[in-house]
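Single-structure report; data block below.
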Amino acid sequence: MNVGLIWAQTLDGVIGAGNAIPWRVPEDMAHFKATTLGHPVVMGRRTWDSLPARFRPLAGRRNIVVTRDPQWVAEGAERAGSIAEALELAGEPLDPAAPATAWVIGGGEIYRAALEHATVLSVTEVDSPVNGDVYAPTPGPTWKVVEDKGWQSSTSGLRYRIRTYTR
Ligand code: VY7
């Protein structure tokens with residue numbers, strides 16, 4: 001099972017503010033949905049809580065939620081006690097038709113713990129000046145940009161670009 005991380009950040013690396021994404025870029029939401037659809041998604045419990053209830057669980061994907069709380073349960077979600085356990089769960093069942101990549105979808109604490117397991121990153125940079133309180137992890141020098149669709153303008157008025165990294 002390959003592990004990918006997918007996030008959207010400002011140029012300063014902000015990914016969140018007050019348990020929400022502090023911008024709206026519909027084209028990035030569409031990219032997120034297209035990339036993750038049919039794949040297991042791994043997220044932290046706070047990220048699960050941040051999703052509007054009508055979008056939980058994320059449709060068409062196994063939703064694996066990492067929490068230290070052994071009692072935690074939610075309809076449509078599978079609980080894991082650690083990133084390692086989440087990735088083990090994502091790798092089951094050992095079905096040859098199972099998707100080859102599990103996507104880690106946030107948030108900050110989970111990205112930092114999962115980065116060492118990852119071989120692909122999808123990073124959307126949003127040219128927004130907002131402040132926040134949660135930051136993206138910093139990919140080290142082993143990561144190389146292998147795809148960059150260039151700066152695009154969103155219907156929101158913000159510029160954004162989507163880059164893929166591998167190592
Ligand atoms: C997370 C939502 C948040 C608020 C309202 C609706 C990149 C993104 C994420 C996470 C953007 C979100 C949504 C959008 C996705 C829909 C369901 C509704 C779906 C990430 N690059 N961008 N994100 N939803 N991890 N990485 O907007 O979701 O996928 O079905």
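Note that ligands are numbered from 1 as they come in the structure, with each ligand's atoms numbered from 1 the same way.
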Please indicate whether Asn131 has more than 12 foreign heavy atoms, meaning atoms of other residues, nucleotides or ligands, lying under 6.0 Å from its CG. no

Under 4.5 Å side-chain linkage, directly or through intermediates, the cluster mates of Trp72: Ile6, Phe32, Val41, Met43, Trp48, Leu51, Leu58, Val65, Trp103, Ile105, Val120

Taking atom types as modelled and ignoring hydrogens, do the side chains of Thr124 and Asp28 form a donor-acceptor contact shorter than 3.5 angstrom? yes

Can you tell me if Arg163 has over 12 outside heavy atoms packed within less than 6.0 Å of its CZ? yes

Chain-and-number sorted residues having a heavy-atom contact under 4.0 Å with ligand 1 are Ile6, Trp7, Ala8, Ile21, Arg24, Asp28, Met29, Phe32, Lys33, Leu51, Pro52, Phe55, Leu58, Arg61, Ile105, Tyr111, Thr124

Is it true that Glu109 and Arg68 make a salt bridge, defined as a side-chain N closer than 4.0 Å to a carboxylate O? yes

Quick check: does any side chain N or O of Arg61 sit under 3.5 Å from a backbone N or O of Ala59, one acting as donor and the other as acceptor? yes

